[in-house]
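To start, the structure itself, in structure tokens.
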Amino acid sequence: MQKIAELMRAKAVELLQSSKAERVLAWRAGEFFYDNAPAAFNDVDACQEIVYNEFCPANLAKYLIEATKQQKKTVVFLKPCDTYGVNQLLKDHRIKREYFYAVGTPCSGMLDVKKIKELGAKAITQITCEDNKVIVETPYGTKEFAKEEVLLDKCMMCKGNEYKIADEELGEKLEPIQFVGDRFAAVKAIEAMSAEERFAFWQEELSKCIRCNACRDICPACSCEQCIFDNQEAPVGGKAAADDVEEQLFHLIRAYHVAGRCVGCGECARVCPQGVKLGLLNLKFIKDINQFYGAYQAGEDATTPSPLVSYKENDPEAEEAVQRRG
Amino acid sequence: MQKIGVFVCWCGSNIAGTVDVAAVVEAVKKIPDVAYAVDYKYMCSEEGQKIIKDAVEEYGLDRIVVCSCSPRMHEATFRKCAESIGINPYMVEIANIREQCSWVLKDVKVATEKAIQLAKAAIAKVRFNNPLHPGQSQVVKRALVIGGGIAGIQTALDIADAGYKVDILEKEPTIGGKMAQIDKTFPTLDCSACILTPKMVDAACHENITIHTYSDLEAVSGYVGNFDVTIRKKARSVKADICSGCGICTEKCPARKTPSEFDEGLRNRGAIYIPFAQAIPKVPVIDREACLKFKTGKCGVCSIVCPNGAIDYTQEDELITEKYGAIVLATGFELIDLENYGNLGYGRSKNVITSMQLERLTNAAGPTEGHLVCPASGKEPKSVVIVSCVGSRDTSGRGKTYCSKVCCMYNAKHAMYIREKYPNVDVTVFYIDVRTPGKGFDEFQRRAVEEYGVHYVRGQVGKIMSDKEGNLTVFASDLNSGRHLMLNPDLVVLACAVKPAKDARKLASMLTASIDTNDFYVEAHPKLRPVESPTAGIFLSGMCQGPKDIPETVSQAGAAAAKVIGLLAKDKLMTNPCTAKCNEQICSGCLTCTNVCPYGAISGVEKEVVTLNGTREKRVVAVVNEALCQGCGACTVACPSASMDLQGFTNKQILAEVDALC
Amino acid sequence: MIYNYYPGCTLSTKAKELDVAARKCAEALGFPLVELPNWQCCGAVYPMAPDAIAERLSAVRALVAARDNGGVLVTLCSACHHVIKRVNDDMANVKEIQQKVNNYLGLEVPYTGETKVLHYLEVLRDVVGFENLKAKVVKPLQGRNIGAYYGCLLLRPGQVMSFDDVERPEILENFIKVIGATPVIYDMRNECCAGYMAVTDKNLCKEMVSEIQDNAADAGAGEFITACPLCAYNLLENAGATKLPVSYFTEVLAEALGLNEGGAD
Amino acid sequence: MVINNKERAEMLRQLAGTNVSLCIQCGRCSANCPVAWKMDVLPHRFVYELLNGGNVDVLLEAKSPWKCLSCFSCAERCPKGVSPAAIMEAVRLTHIRAQGNNKLNPADLENYDDKMPQQAIVAAFRKFNK
Amino acid sequence: MLKDAAKFEPKIVAFCCNWCSYAGADGAGTARKNYPANVKIIKVPCSCRVNPMFILRAFQRGADGVILCGCHPGDCHYSTGNYYTRRRMALLMSMLNFMGVAEDRFRVEWVSAAEGAKFAEVMNDFVVQITALGENVKLRDLRCKK
């Protein structure tokens with residue numbers, strides 16, 4: 001990964017110097033090496049601060065909206081999974097192709113520092129990956145974990161190492177993650193519950209929410225000028241009362257809202273400070289859409305219309321669809 | 001502060017009989033902003049409207065709620081009333097307390113409570129109503145009539161005579177329709193062809209009429225005043241402009257195994273054929289499925305004998321596009337097939353025939369040159385049984401639930417002209433009821449009995465059997481005498497139910513015209529708008545709307561034409577102002593909405609907009625073409641940011657109703 | 001698929017030929033019949049009165065037994081088929097009957113018409129397939145003009161029996177073609193033979209059967225086949241001057257399949 | 001207890017379980033009945049009397065129900081889905097459900113033709129006896 | 001306070017498209033085909049105008065049942081509106097099921113302008129169904145776990 005970071009810096013410098021771009025979107029180190037954050041780099045010097053390691057989960061795609069507005073050609077580094085979000089933004093006409101230069105950036109899975117800490121690693125000083133092992137250095141000694149144990153949940157549903165959009169690719173593609181199981185397993189487990197159990201599950205989950213809006217802010221499909229939740233004219237409007245529709249049904253509405261446009265990146269669940277399993281709602285819609293209307297992956301390309309703005313004459317009726325899911 | 005007036009109609013006893021209207025008035029008076037409320041016997045009457053107008057003046061009302069019948073009945077009336085006193089017509093809401101309340105409920109307390117709630121919902125909605133102003137759209141001064149039977153021809157002639165261009169679209173190779181097949185017409189017994197063919201010629205010669213025969217409707221888009229239509233002119237395999245209509249090809253064609261549609265299968269026609277002598281256009285057509293040239297590559301006789309070289313085996317279907325302001329459906333009818341009535345022996349014995357076959361058997365231009373014979377033996381019958389209601393008034397699933405309306409009269413006609421020409425032939429009509437309302441109709445039917453000695457037996461036939469020689473045995477009941485009969489007629493005529501043309505449903509889908517479960521087109525109102533489809537700009541003429549005889553069809557054709565003329569006479573149409581509207585300030589320009597608009601009314605336009613921060617910015621936003629938008633609202637739901645809203649049915653209005661009812 | 005089989009009372013006594021041939025052919029054609037244990041007589045006539053619950057019980061018991069053993073019930077006698085299929089329809093669609101019967105029987109799992117009732121002919125047509133059957137015919141009955149006699153119960157009411165076109169059936173004619181003979185269509189093939197009048201009004205039977213015999217003979221039939229023992233009885237025993245021979249369709253089937261060799265012919 | 005005509009008509013309607021109000025009196029039932037020529041009161045009349053006439057005596061005294069073959073051609077070919085056969089059955093049941101009204105004597109069984117199928121005997125005893 | 005089950009009168013909102021189902025409801029009225037007063041109709045131009053959020057809002061505000069009626073697929077006055085409706089509502093219904101709330105309180109029915117009798121039948125049936133389910137509390141309680 002360190003090698004990739006070097007390549008990124010070199011590429012950023014090259015593109016800025018050749019005037020192919022005015023700006024670079026990449027990651028900058030945070031307080032610790034494991035809390036890297038998205039950042040914009042406007043000149044060659046600044047580019048030296050670009051970092052890349054197993055702790056760069058954020059998708060930079062959404063920052064391209066600003067680039068498009070400012071009409072500034074921007075270099076953006078995209079991990080394979082990030083490219084789906086870019087395509088979705090293109091499809092939604094929120095970004096324009098002429099204002100960004102996409103550099104495919106290899107990824108072998110991002111790690112979840114929370115998991116590492118939960119497994120007992122304290123005061124982490126260094127983390128290195130070797131094949132499927134993660135070695136964690138702490139003042140109290142070295143700990144070793146299987147990668148599977150400490151990968152981000154979203155990386156356990158990795159879509160592979162292909163870039164769906166890229167002007168060029170940096171270095172060689174890395175081996176795709178090997179622990180990908182059935183991404184709908186958790187959804188199926190809930191489906192198998194009784195109605196009462198399902199209700200109890202969601203009541204438990206959704207009651208944790210503090211309405212911080214992190215889930216919507218991170219989402220590459222949530223890119224409106226003004227969010228419906230902030231629009232008084234919208235059918236969900238009405239901020240005042242705690243018993244309002246918006247308050248009670250926020251997650252259902254949010255998930256429905258991006259149905260057909262959600263690329264399944266898992267970022268919403270990752271950034272939730274309360275650990276609400278809200279990504280399952282998105283996955284449920286993806287599963288239903290695949291099952292009712294045929295396989296569809298949002299962000300696969302920038303042109304195919306979403307299943308919610310298309311139809312077939314022999315689509316299943318609502319009741320039929322629910323039963324068919326079985 | 002808003003000033004809402006609520007007007008509660010009794011509709012005589014229709015509403016007041018079940019709803020305590022005074023209680024409704026009292027209840028709504030307590031609602032904030034309701035400045036005035038009153039009930040009256042007939043709000044739609046002039047006196048009722050005056051009450052509304054006076055109240056507006058006296059109380060300075062700015063919004064009106066009428067609790068009355070369905071808005072489909074009188075919304076327009078009350079909107080006009082509001083407009084006449086300076087209130088924007090779209091500031092009116094209707095609470096439907098008749099169809100949805102007094103007519104479906106019996107208990108006064110329950111009905112009154114529901115009426116109050118419906119009134120509350122309407123009041124909740126009207127608070128969010130905004131004045132709306134209809135736009136205008138151009139009217140294309142040309143009409144399309146689909147179907148070239150008597151209904152279509154008459155409609156087209158009436159429109160053309162008024163000075164407008166009109167096209168007739170006919171799927172068969174000739175216009176004329178079913179009336180051309182009929183021998184004589186009731187109640188005058190005059191020759192059908194003699195009165196139809198001059199009209200066919202008129203239509204063909206009319207400078208304002210263009211006829212497309214052997215053609216199908218391929219695609220339709222647009223809306224009232226502006227329909228874009230694609231017509232498929234099927235390949236005739238004969239060059240119409242060169243053909244002289246001499247008919248040599250039709251005589252020489254060696255492939256003669258196809259039953260003639262026009263003669264109801266009573267004789268065969270060639271693969272190249274002209275349906276009948278007076279066909280218009282008199283240009284043959286090659287039935288490619290029957291033609292040896294097309295099937296085997298060998299033959300080509302027609303092309304050899306044609307003196308003009310008009311045969312063209314390579315002709316292809318042609319697609320033509322045209323714009324129309326109005327479309328008339330005149331697609332007519334056909335007889336039901338009798339597959340569910342195997343007990344009647346149709347198809348098993350040639351001597352059991354349909355009424356339409358009888359028309360061809362008695363027609364001088366028919367397969368027997370008008371000699372009535374039994375098809376099996378070729379001999380004149382000695383006795384004929386006519387069976388009414390075959391497949392009509394049948395709710396068992398075998399036939400049609402409705403009365404076909406024309407059979408009683410044509411049965412009398414058939415019986416009469418058999419007796420007229422062959423006084424020795426005994427004719428018995430089995431009937432359930434004889435239904436002959438209409439001018440001179442009952443008199444006509446009575447003549448069959450009184451002057452022509454036709455036997456009318458109240459009863460029905462059961463099984464019809466035939467032996468090896470084709471002799472028929474008919475079991476029947478005679479209800480008036482309580483007897484069971486066994487007869488041996490030589491010919492049985494089945495008065496089959498009529499049904500709408502096969503492609504009626506397909507056309508309804510293409511035109512978004514309403515259609516009922518029997519595939520008859522639905523009129524906008526059964527009494528007050530009988531020749532219009534609920535879809536603006538689509539009109540109905542003839543049997544396609546419901547069973548009717550020729551005089552009725554011709555009247556309806558004229559009525560449909562008058563409606564079309566009324567439409568085409570306008571230069572511009574007021575468009576429905578309840579269109580989608582984009583809030584450009586928050587529109588992100590994602591253009592998801594464009595995917596679901598059936599009219600292509602939304603486009604992305606780069607505009608300078610004021611952002612939410614108050615700054616100006618140039619970006620793409622969705623813009624609705626109000627002339628194209630029909631106001632379905634699909635875009636409002638597709639829009640992720642709720643910047644698309646539907647005027648007249650805004651999110652706020654609908655949610656206000658939801659809140660008021662929950 | 002398990003082919004639960006309901007022979008009915010007549011097939012185990014007076015119409016053994018119908019039964020024996022049917023079992024033999026079924027075996028040969030790969031759908032061995034499994035006789036329901038402890039079946040009771042269906043009652044021979046469908047009890048039309050909605051309050052006739054007891055009269056429906058034996059049919060329901062057979063249906064339940066079939067449901068619990070794979071869900072298919074094959075019948076052969078037209079009357080049994082008629083009664084069982086109509087009672088099954090009642091159990092599926094007539095709430096009152098469904099409730100009363102279930103209340104009476106006190107089944108562990110209430111019965112609501114789940115069993116699929118198939119006539120033997122339907123199995124031949126829809127499961128074996130006439131084309132496949134044709135391939136197994138070793139002794140085509142060439143030169144025989146056979147009039148299929150449907151009678152009334154096999155076809156009516158059309159909406160419940162949904163067996164074939166109730167006025168112009170063709171299943172037996174197609175069957176006749178498959179076994180190599182020539183079907184003769186005559187008008188009275190789906191008219192009643194006078195049925196149980198055999199017991200009370202022999203003269204009426206004779207009058208009605210004569211008409212059927214004449215009608216078939218006039219159309220060129222040399223013999224009848226039928227699926228109903230009572231039809232067979234009436235056609236034979238109450239015939240007048242015309243007396244075409246009658247056999248069960250399973251008998252001619254066995255003949256065509258070559259299963260009669262060494263049999264008790 | 002005296003049961004009036006109206007009540008008896010209602011009892012028959014219940015017992016028949018077919019909706020007579022659908023009847024349009026077309027007479028197809030009577031035309032189709034293969035034994036109509038042996039009947040004193042034709043099938044359509046059985047529907048009519050329960051629908052309008054209320055002359056239940058005519059039905060109860062008629063010989064027709066004892067001629068009816070339950071062949072269902074009347075019901076099958078009724079354009080309205082009414083079953084005159086069910087009314088015939090209701091009339092039969094009205095008779096035989098009353099004590100001592102059996103039409104067949106089990107002792108006669110031995111006189112029956114020995115080829116007579118069980119089916120015929122069971123059927124006849126169902127139709128004519130309680 | 002728990003309502004007396006026997007006297008429970010459910011609140012039911014019916015969204016009806018103007019061209020088919022609202023006309024069908026008028027037809028039910030004209031033919032005097034009774035259905036309970038519990039059903040209150042909100043007119044929309046087309047079933048595709050009905051935002052799933054409207055339905056959620058109705059439930060959240062106390063509706064015990066919501067039914068959406070439109071033209072039969074293929075017969076939409078606007079050609080394609082109800083096709084979109086069908087997809088939107090299938091996903092909504094499936095999600096309500098997934099969350100263990102109210103999917104059986106929500107129904108989609110296609111009722112044409114000619115089907116007045118069907119309209120009344122559907123409403124009668126729906127009222128029976130909702131009455132049997134009792135008061136709707138789940139959607140309101142979804143985030144109320146203390």
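Numbers restart at 1 for each chain; the letters A, B, ... are given by sequence-line order, proteins then strands. What's counted below: heavy atoms across the whole structure, side chains too, no hydrogens, waters or symmetry copies.
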Atom group of D:Ile24 that falls short of 4.5 Å from chain B, counting heavy atoms: both
Closest-packed option against chain D by number of heavy-atom pairs under 4.5 Å, given B:Val474, B:Val461, B:Asn340: B:Val461
B:Lys439, NZ: over 12 other non-hydrogen atoms inside 6.0 angstrom: no
Which residues share a side chain to side chain contact (heavy atoms under 4.5 Å, CB included) with B:Asp519, sequence neighbours left out: B:Pro500, B:Arg505, B:Ile515
Chain B neighbours within residues 117-130 of chain D, where any heavy atom lies under 4.5 Å away: none
Heavy atoms from other residues, nucleotides or ligands near CD of B:Glu469 exceed 12 (cutoff 6.0 Å): yes
Contacts of residues 477-496 of chain B with chain D (heavy atom under 4.5 Å): B:Ser477, B:Leu479, B:Gly482, B:Arg483, B:His484
Side chain / backbone / both / neither for D:Cys78 at chain B, heavy atoms under 4.5 Å: backbone
Proximity breakdown for D:Cys33 and chain B, heavy-atom pairs closer than 4.5 Å: backbone
Spacing of OG belonging to B:Ser396 relative to CD belonging to D:Glu76, to within rounding of 0.5 Å: 8.0 Å
Interchain contact, B:Arg393 with chain D, by part (heavy-atom threshold 4.5 Å): both
Neighbour count above 12 (heavy atom, 6.0 Å) for B:Lys350 NZ: no
Side chain B:Asn343, main chain D:Arg77, donor-acceptor under 3.5 Å: no
Spacing of CZ belonging to B:Phe475 relative to OG belonging to D:Ser30, to within rounding of 0.5 Å: 14.0 Å
Salt bridge (charged side-chain N to carboxylate O under 4.0 Å, His left out) contacts touching residues 26-42 of chain D (sequence neighbours left out): C:Glu207-D:Lys38
Pair B:Ile432-D:Gln25, side chain to side chain contact (heavy atoms under 4.5 Å, CB included): steps then yes or no: CA-CA 7 Å; B:Ile432 305 172; D:Gln25 283 291 302; 5.8 Å; no
